[in-house]
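Reviewing the structure listed below.
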Amino acid sequence: MFSLNGTNFPNNSLSGVSRCLTQSRKRVSFPMVVVSVNPNGRSADRNVSVLMENTLKEMKENSPVIDEDSESTVTGGVGDVYGEDTATEDQTITPWNFSVASGYSLLRNPHYNKGLAFSEKERDSHYLRGLLPPVVFSHELQVKKLMNNLRQYDVPLQRYMAMMDLQERNERLFYKLLMENVEELLPVVYTPTVGEACQKYGSIFRRPQGLFISLKEKGKILEVLKNWPEKKIQVIVVTDGERILGLGDLGCQGMGIPVGKLSLYTALGGIRPSSCLPVTIDVGTNNEKLLKDEFYIGLRQRRTRGQEYAELLDEFMSAVKQTYGEKVLIQFEDFANHNAFDLLAKYGTSHLVFNDDIQGTASVVLAGIMAALNLVGGNLAQHRFLFLGAGEAGTGIAELIALEMSKQTGAPLEESRKKTWMVDSKGLIVRSRMESLKHFKRPWAHDHEPVKELVNAVKLIKPTVLIGSSGTGKTFTKEVVQAMATFNKKPIIFALSNPTSQSECTAEEAYTWSEGRAIFASGSPFTPVEYKGKVFVSGQGNNAYIFPGLGLGLIISGAIRVHDDMLLAASEALAAEVSQENLEKGLIYPPFANIRKISAHIAAKVAAKAYELGLATRLPQPENLVAYAESCMYSPSYRSYR
Ligand SMILES: NC(=O)C1=CN([C@@H]2O[C@H](COP(=O)(O)OP(=O)(O)OC[C@H]3O[C@@H](n4cnc5c(N)ncnc54)[C@H](OP(=O)(O)O)[C@@H]3O)[C@@H](O)[C@H]2O)C=CC1
Ligand SMILES: CC(=O)C(=O)O
Ligand SMILES: [Mg+2]
């Protein structure tokens with residue numbers, strides 16, 4: 001026996017259901033599928049589920065209302081195909097999947113579980129009586145209780161594990177908690193704690209999250225993608241674990257990064273969780289400690305490189321396109337630079353891809369610099385930039401600064417690049433080193449005598465902006481910061497490296513050594529600093545400000561490629577969100593508490609650029625892109641179940 005819209009059907013009456021479903025979907029503009037099955041008929045569940053699947057397939061084919069491509073529905077979350085989020089809180093929907101979600105299985109389904117928040121009526125109609133204690137909690141009370149619990153943990157990793165458990169148990173509660181306490185919980189699910197979690201991933205491993213694609217799956221990636229339960233994927237974050245934050249090669253344990261980034265796509269950018277797919281490509285690791293660790297979860301071999309690596313990546317990229325279509329966004333994350341630039345160049349012309357470390361970071365730092373110029377004066381071309389670290393983040397930022405500078409001044413890119421200098425592990429990048437330089441460093445090799453130490457480079461170049469992207473902590477020494485403060489009234493200093501242990505300097509060091517004059521931002525957050533009676537609040541220069549909004553903008557416009565002008569548009573949108581009040585406190589980024597609004601503005605600017613460049617496919621262009629972006633964002637409110 002199963003029921004539909006309140007009508008009970010015996011298991012052999014699916015043709016009636018088919019008719020009814022088709023009719024009901026034709027009646028409503030945002031179709032809702034309504035299926036619930038009495039768990040007492042469990043022996044028939046599998047047959048029912050197969051039949052239902054066929055029925056749904058048939059219904060999709062026949063129904064004129066179902067438009068797979070028009071999923072951006074008002075308040076429905078991008079990809080709200082079945083109208084679950086479209087329903088207002090007082091409307092009812094039925095928790096369904098192709099098998100039955102009621103009773104015990106409903107409590108074990110993180111997508112639909114509400115824990116103690118199931119109403120009395122839901123407990124009756126979904127066979128939950130006795131499976132829950134008598135009390136009914138509101139969503140708000142659940143959030144309060146969990147925050148109380150989380151705050152009891154002194155060890156950040158315990159908080160991380162509690163958050164991951166919650167995500168696996170009750171998805172909507174996880175997102176409500178994260179969204180309402182974003183400033184407190186971002187450091188838990190993201191940097192710095194996610195770094196430690198990746199280092200210990202094998203030991204703390206409970207349930208797999210995301211999709212693991214290893215060399216063992218070579219030749220079978222298409223099948224592996226089919227094993228993932230969700231079919232309507234819009235964003236993939238993929239890593240091969242070789243450069244996890246500034247912690248180096250963590251192999252398969254890098255999975256914490258795509259999982260964390262995608263939870264931010266949902267919490268900060270409003271992408272539906274079911275549309276997000278975290279992927280780790282496992283080609284081995286050169287991390288000796290992990291290879292010897294009995295709890296390591298990845299392939300116990302050294303990294304495969306060259307043709308075999310390229311073939312695996314190629315198979316993955318093709319399989320993704322074949323499975324999820326042309327418009328699935330693929331974000332490359334934490335690849336080592338010897339692969340990152342090549343992968344971006346190779347797939348940038350055939351797929352909707354971007355590299356967060358190269359491009360997302362560039363966009364967030366440019367935004368911070370634009371905001372900082374309101375405090376120090378001058379335009380971009382009147383400033384000099386010195387980087388410690390000439391890899392993905394460093395050269396990506398430098399190139400976007402040069403692009404923006406050239407747009408502003410009309411000067412050739414070559415000229416604009418001369419305003420930027422870089423120091424790598426061998427010292428200042430100068431023309432005499434050209435032959436031995438990797439291709440991405442060459443544009444920054446200017447005429448200068450060799451300089452070995454950063455502090456000497458600072459004294460000779462006299463930058464107005466110092467940017468750390470070295471992945472090496474404690475490299476902005478007292479002497480370096482003091483030198484910056486001798487020739488700058490307000491030295492602009494970014495210590496971008498993550499996690500906190502790798503930060504080039506701390507906020508306290510930056511403010512103290514510059515006698516309170518530095519304009520400072522860091523990749524991982526620092527608590528406010530008191531110096532000579534004044535409280536300094538530093539900004540978080542982290543690509544988390546950009547990628548959720550950028551991704552949302554790409555999705556709502558149906559963009560088919562990422563273009564540098566979209567990154568510039570995102571920077572402008574972010575910089576515009578920095579208020580006078582923020583600036584007066586020395587903040588060059590807006591508070592994360594406003595991130596949903598910020599993401600909607602970034603998305604609107606990115607989408608507008610996609611339309612302007614002819615890269616958007618979702619037509620016609622909505623009139624008010626900010627309102628449209630907001631209307632497309634996922635909300636974690638509970639839905640009422642019939
Ligand atoms: N805040 C944010 O949003 C982001 C922060 N990051 C952080 O930036 C850091 C670097 O990332 P990424 O650019 O991708 O890494 P890469 O490996 O691509 O680049 C690192 C660069 O730093 C140089 N370097 C390393 N140690 C030193 C040192 N002691 N002195 C001088 N130069 C040094 C390397 O030199 P060489 O080339 O000679 O080896 C290389 O040029 C990481 O910690 C990462 O977490 C990254 C992306 C975003
Ligand atoms: C923030 C980020 O992407 C990184 O540190 O790699
Ligand atoms: Mg990264």
Side-chain angles (χ1 to χ4, degrees), residues 186-187 190-192 194-195 198 237-250 254 256-258 260-261 264 331-342 344 354-368 386-399 421-429 433 436-442 444 451-458 466-477 480 494-504 521-526 538-548 574 589:
L186 211 54
Y190 191 53
T191 182
V194 71
C198 289
V237 176
V238 58
T239 187
D240 73 354
E242 193 170 3
R243 196 287 277 139
I244 294 299
L245 309 176
L247 302 170
D249 182 353
L250 298 183
I257 295 295
K261 292 267 176 185
L264 303 197
Q331 172 169 323
F332 291 121
E333 192 71 52
D334 290 9
F335 283 76
N337 63 38
H338 56 91
N339 287 318
F341 289 98
D342 294 348
L344 185 60
F354 88 101
N355 183 300
D356 190 34
D357 302 298
I358 302 171
Q359 297 170 293
T361 316
S363 188
V364 79
V365 173
L366 178 60
L386 179 66
F387 286 75
L388 182 74
E392 295 166 62
T395 63
I397 300 163
E399 187 66 3
W421 295 82
M422 298 218 158
V423 172
D424 66 8
S425 65
K426 296 185 178 64
L428 190 65
I429 295 183
R433 290 178 54 192
S436 63
L437 291 175
K438 289 182 183 159
H439 66 90
F440 50 85
K441 294 184 185 176
R442 290 187 177 169
W444 315 102
V451 181
K452 189 86 190 100
E453 301 299 330
L454 173 67
V455 66
N456 295 332
V458 169
L466 177 67
I467 300 176
S469 53
S470 61
T472 309
K474 305 268 164 236
T475 35
F476 290 173
T477 58
V480 166
F494 289 85
L496 295 175
S497 294
N498 296 315
T500 316
S501 58
Q502 311 308 109
S503 189
E504 283 78 8
S522 55
S524 298
F526 285 104
S538 57
Q540 191 175 349
N542 194 294
N543 49 32
Y545 271 112
I546 292 290
F547 68 78
L574 177 56
Y589 292 102

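Whatever order the structure lists them in is the order used to number ligands and atoms, beginning at 1. These numbers were taken from a predicted model, which means no experiment stands behind them. Positions are given from 1, in the same order as the sequence printed here.
Nearest to atom 36 (P) of ligand 1 by heavy-atom distance, out of S425, G389, S501, G427, is S425. When I429, T472, L388 are checked for heavy-atom proximity to atom 30 (N) of ligand 1, L388 turns out nearest.
Looking at T361 against ligand 1, only its side chain comes within 4.0 Å, counting heavy atoms. Of all the heavy atoms of Y190, the ones lying under 4.0 Å from any atom of ligand 2 belong exclusively to the side chain. With a 4.0 Å heavy-atom cut-off, ligand 2 is reached by the side chain of N542 but not by its N, CA, C or O. Under 4.0 Å from ligand 1, the heavy atoms of R243 that appear belong solely to its side chain. Contacts of E392 with ligand 1, taken as heavy-atom pairs under 4.0 Å, involve both backbone and side chain.
If you put the vertex on the Mg ion (ligand 3), OD1 of D357 and OE2 of E333 sit 100° apart, to the nearest 10°.
For ligand 1, the atoms closer than 4.0 angstrom to any heavy atom of G246 are 42 (C), 43 (O), 45 (O). Here is the list of ligand 1 atoms found below 4.0 Å of a heavy atom in K441: 36 (P), 37 (O), 38 (O).
At under 3.5 Å, a nitrogen or oxygen of L496, whether backbone or side chain, sits near a nitrogen or oxygen of ligand 1. An N or O contact shorter than 3.5 Å links N543 to ligand 2 by distance. Here's the thing with K261: one of its N/O atoms is less than 3.5 angstrom from an N/O atom of ligand 2.
Proximity of T191 to ligand 2 is not established, as no heavy-atom distance is less than 4.0 Å.
Among the atoms of D356, no N, O or S atom falls under 2.8 Å of the Mg ion (ligand 3).
Ring geometry, Y589 versus F494: the interplanar angle exceeds 60°, so the pair is classed perpendicular (tilted spans 30 to 60°).
Closest to atom 5 (O) of ligand 2, if we only count protein heavy atoms, is N498 ND2, 2.8 Å.
The pair K261-D356 meets the salt-bridge criterion, since a charged nitrogen lies less than 4.0 angstrom from a carboxylate oxygen.
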Evaluate Q540 against S524 for side chain to side chain donor-acceptor pair (under 3.5 Å), listing each step before the verdict. CA-CA 6 Å; Q540 191 175 349; S524 298; 5.5 Å; no
